[in-house]
**Q** 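A single structure is presented below for examination.
Chain naming here is simple, since letters A, B, ... match the order of the sequence lines and numbering starts at 1 in each.
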Protein chains: 2
Amino acid sequence: MAKITITDIAKQAGVAKSTVSRYLNGGSVSKKTRLKIDQVVKDADYKPNAFAQSLKKQTSHTIGVIVPRLDSFAQTEMLRGLDAANQDDILLILNTYQDDDLVQNAIEQVDILGLGGVILFATNLTPTIKDALHALDVPVVIQGQNDPAFARVIVDDNLAGSAIGHVAANSTNTLIISVDPQQDFEVGAVRYQAVTSQLTKHYDTVYADFSLATAKQVTTQALATTRYDTIIALSDLMAAGALQSLKNANVNVPEDTSVYGFGGTLISDLVSPNITTFAFDYFAVGQQLYHLFKQQQIKPEPTKIIIGGTLVNKQSN
Amino acid sequence: MAKITITDIAKQAGVAKSTVSRYLNGGSVSKKTRLKIDQVVKDADYKPNAFAQSLKKQTSHTIGVIVPRLDSFAQTEMLRGLDAANQDDILLILNTYQDDDLVQNAIEQVDILGLGGVILFATNLTPTIKDALHALDVPVVIQGQNDPAFARVIVDDNLAGSAIGHVAANSTNTLIISVDPQQDFEVGAVRYQAVTSQLTKHYDTVYADFSLATAKQVTTQALATTRYDTIIALSDLMAAGALQSLKNANVNVPEDTSVYGFGGTLISDLVSPNITTFAFDYFAVGQQLYHLFKQQQIKPEPTKIIIGGTLVNKQSN
DNA sequence: TTGTACGCGTTATCAA
DNA sequence: TTGATAACGCGTACAA
């Protein structure tokens, strides 16, 4: 297949290949030859060779999308938004499995594969990663971290944290399941502080790594010594972990303890009771990421786009 | 960046570019010039241009991985296995969102993008799709459907169905949540029949589409008229849907009704009670897919690889 | 062992 | 409007 080249078309149509090229790229062609080529191209099922095009144009229509993980509804939902907004690019997904070193590798691929740009779902913008990004001469857009040096799309963690914090403001003893700010500043610092700013009484903080297992474990440890009337986990999955721990400890939700999460993903509907959560519009984030990227191709500037969300009251509070 | 070409290296090293090319591809180079080029390449941070290489070689090291959906732990786990086994290829993920037409599009991309092969996660091998695959002149490996015309990796649905069916063999009234065999033959026919072959008493069958919502809905409908002591859903997510429906109907699990699922993914641990399920080793499936693909590159033949799994008893039965 | 010259498929330049 | 020709970066006969 696909062995038909522009030269074949030219021969069959009795014109020069440069004419065919012009025809294909909307250059000036007489009506007569246009019809001729039209015919030939159609029944030859000609498809231009992407390699040759990219080699010539010194750039490709492929965007590297660097994601920390795929087994997360937030990530896949953003990818769906990207796909939906995508006009005519190829999205090359590079999964880094939450490993910063693999992010480096992925960024290197940009040069090697001649990618036309990068969309990075960031959890941890280390200096090395930032340097590597700045060294690229293609458009870069990031998501997840609010770094003024980059064009970025973020969710409104201040709004989200405040909203949840506000509902739980009068809890007498709250447990917050957070993440290390060093590893995710937006969640571990911004979202966290938005929550605590609303709380009026005592609260404790424990740290997990976004996983179900760890969240469950740290919750169990915390419950060993203290009773909490409210648990706020900074992600839905971690909230699910807390839920399991509470169940093991025979604590009723929401009668004895209220539980809150963040994200509004399938997980919050999967567990029982369903988790009251702040739902972000991740699909919109994906769409905006693509639009922002296309805009960067035209005029690079560190624009910031914030996507909001809504508090969804379910059964866990 | 990446403007350094093989010619630049050649100039700086004072040799011909063909020598550099040989150096890069392991051809015969004298020790003297090798050291010279070594030096230059190193501090020039040279990276070969993938487009030029692919154009020349008429093939690329990029494999198109066509997946029906990304928001599924089974799929992402297989992708992880693929990544892990991957030696030196680029995996281009093409999400079809469970739309057969998009599968067609994806297969077309093979020619357009000059992909070196295809790995297809299949749910529904329509004649059109099969034709399109056969028309390709690159290696093709499929997963999910046991079609003797293709090299394939499948999970052992006979084993799995029998195992679950065996445990539930003596249930007096069983509800099976299946899927349309027209849409997924392996699950809707093979897995289904393996289950029913073990059942000794009465059973009803309802159909859903792999989603939580639909499974929940059809279960609720079924429960409206009948009481079941066992519900077998052909996937974990659908089992989760059944669980929610049962909860709404105030049916206790497992006291009143036992629930079974298939997959062994995170979902079975996320819901409460945890679902007793047949766990497939999807990671191994991914690894085998890659190895099988590499083998097809050397010697094409419709090999079949079957990956087993284990029955995991949890709390739902 | 090394270098020269050409071709992969496409686009761009420049005459005609 | 058209066509011949030169590039893009790389690999590889072939000759030296």
Side-chain angles (χ1 to χ4, degrees), chain A residues 1-38 40-41 44-62 88 90 110-116 137-138, chain B residues 1-38 40-41 44-62 88 90 110-116 137-138:
Chain A
M1 314 286 101
K3 359 184 94 157
I4 321 117
T5 78
I6 208 174
T7 315
D8 299 327
I9 304 292
K11 267 182 199 153
Q12 290 191 33
V15 294
K17 61 176 186 177
S18 53
T19 306
V20 179
S21 179
R22 253 180 292 115
Y23 159 90
L24 292 168
N25 298 304
S28 60
V29 197
S30 75
K31 191 174 284 177
K32 209 162 107 189
T33 52
R34 164 168 295 128
L35 293 173
K36 226 185 199 165
I37 303 180
D38 254 341
V40 180
V41 165
D45 190 33
Y46 166 78
K47 287 167 190 161
N49 181 309
F51 298 133
Q53 285 183 320
S54 300
L55 175 60
K56 185 65 189 175
K57 301 249 211 89
Q58 295 292 46
T59 178
S60 79
H61 274 171
T62 300
D88 42 23
I90 303 295
V110 175
D111 275 352
I112 301 177
L113 301 178
L115 301 181
D137 53 358
V138 292
Chain B
M1 315 291 108
K3 358 184 98 156
I4 321 121
T5 80
I6 207 176
T7 314
D8 299 327
I9 304 292
K11 266 182 199 152
Q12 290 192 33
V15 294
K17 63 176 186 176
S18 57
T19 306
V20 179
S21 179
R22 253 180 293 113
Y23 161 89
L24 292 169
N25 298 304
S28 61
V29 197
S30 76
K31 193 175 281 179
K32 208 163 112 188
T33 51
R34 164 168 297 127
L35 292 174
K36 224 183 199 166
I37 303 181
D38 254 342
V40 181
V41 165
D45 191 33
Y46 166 77
K47 288 167 189 160
N49 181 308
F51 299 131
Q53 285 183 321
S54 301
L55 176 59
K56 183 66 190 172
K57 301 245 212 91
Q58 296 290 47
T59 178
S60 77
H61 275 172
T62 301
D88 42 22
I90 303 297
V110 174
D111 276 351
I112 300 177
L113 301 178
L115 302 182
D137 54 357
V138 292

**Q** Rounded to the nearest angstrom, tell me the gap between atom OH in A:Tyr23 and atom P in C:dT10.
**A**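 Rounded to the whole Å, the gap is 14 Å.
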**Q** So if I take the C1' atoms of five pairs at each end of the helix from C:dT1-D:dA16 to C:dA16-D:dT1 and get each local axis, what angle do the two axes make, rounded to 10 degrees?
**A**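 Roughly 40°, once rounded to the nearest ten degrees.
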**Q** State, with a plain yes or no, whether a side-chain heavy atom of A:Leu113 is found less than 4.5 Å away from one of A:Thr62.
**A**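 A:Leu113 vs A:Thr62: side chains apart.
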**Q** Checking B:Asp8 now: which residues fulfil side chain to side chain donor-acceptor pair (under 3.5 Å) with it, not counting sequence neighbours?
**A**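 Per chain and number, B:Asp8 pairs via side chain to side chain donor-acceptor pair (under 3.5 Å) with no residue.
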**Q** Identify whether any heavy atom of A:Ser54 sits under 4.0 Å from a base atom; if not, whether one sits that close to sugar-phosphate; answer base, sugar-phosphate or nothing.
**A**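 If one applies the 4.0 Å heavy-atom cut-off, A:Ser54 turns out to touch nothing in the nucleic acid.
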**Q** Report, one line per pair, each donor and acceptor closer than 3.5 Å where one atom sits in a side chain of residues 14-21 of chain A; sequence neighbours left out.
**A**
{"from": "A:Thr19", "atom 1": "OG1", "to": "A:Arg22", "atom 2": "NH2", "distance (Å)": "3.4"}
{"from": "A:Ser21", "atom 1": "OG", "to": "A:Asn25", "atom 2": "ND2", "distance (Å)": "3.4"}

**Q** Rounded to whole angstroms, how far apart are CG on A:Asn49 and P on C:dG7?
**A**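 So the CG-P distance, A:Asn49 to C:dG7, works out to 18 Å.
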**Q** Grab the NZ-P distance between A:Lys57 and C:dA12 for me, whole Å please.
**A**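 The distance from NZ of A:Lys57 to P of C:dA12 comes to 7 Å, rounded to the nearest Å.
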**Q** Test your reading of the model: is there a side-chain donor-acceptor pair from A:Ser60 to the backbone of A:Ser54, 3.5 Å cut-off?
**A** no
**Q** Scan A:Ile37, A:Asp38, A:Asp45 and name whichever one has a side-chain contact (heavy atoms from CB on, under 4.5 Å) with A:Val41.
**A**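 Passing option: A:Ile37.
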**Q** Does the C:dT10 base have a donor-acceptor partner in the side chain of A:Lys56 within less than 3.5 Å?
**A**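 Counting by modelled atom types and ignoring angles, no donor-acceptor contact under 3.5 Å is found here.
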**Q** Start at the 5' end of DNA chain C and walk down; is the nucleotide closest to B:Ser30 or to A:Asn25 reached first?
**A**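 It is B:Ser30 whose nearest nucleotide is closer to the 5' end.
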**Q** Please identify each residue that fulfils side chain to side chain contact (heavy atoms under 4.5 Å, CB included) with B:Ala52, with sequence neighbours left out.
**A**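 Here the qualifying residues are A:Leu55, B:Asn49.
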**Q** Pull out every residue in residues 7-22 of chain A that has a heavy atom closer than 4.0 Å to any atom of DNA chain C, ordered by number, or say none.
**A**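 The answer is A:Lys17, A:Ser18, A:Ser21.
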**Q** Under the side chain to side chain donor-acceptor pair (under 3.5 Å) rule, collect the residues that match up with A:Tyr46, sequence neighbours excluded.
**A**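 If we apply the side chain to side chain donor-acceptor pair (under 3.5 Å) test to A:Tyr46, skipping adjacent residues, there are no hits.
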**Q** Mind calculating the distance between CG (A:Leu24) and C1' (C:dA12) to the nearest angstrom?
**A** 14 Å
**Q** At less than 4.0 Å, is any side-chain N or O atom of B:Gln53 found next to OP1 or OP2 of D:dG9? Yes or no.
**A**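 For D:dG9, neither OP1 nor OP2 has a side-chain N or O of B:Gln53 closer than 4.0 Å.
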**Q** What is the distance, rounded to the nearest whole Å, between atom CD of B:Gln58 and atom C1' of C:dC8?
**A** 6 Å
**Q** Partners of A:Asp88 by side chain to side chain contact (heavy atoms under 4.5 Å, CB included), sequence neighbours excluded?
**A** A:Tyr290, A:Lys294
**Q** Who passes side chain to side chain donor-acceptor pair (under 3.5 Å) against A:Ser30, sequence neighbours left out?
**A** A:Thr33
**Q** If you assign each of A:Tyr46 and B:Arg34 to its closest nucleotide in DNA chain C, which residue comes earlier from the 5' end?
**A**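 Here B:Arg34 is the residue nearer the 5' end.
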**Q** In whole angstrom, give the distance that lies between atom NZ of A:Lys36 and atom C1' of D:dT2.
**A**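 Rounding to the nearest Å, NZ of A:Lys36 and C1' of D:dT2 are 12 Å apart.
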**Q** For B:Ile6 and D:dG9, give me the distance from atom CD1 to atom C1', rounded to whole Å.
**A** 8 Å
**Q** Between C:dC6 atom C1' and B:Leu55 atom CG, what is the distance in whole Å?
**A** 14 Å
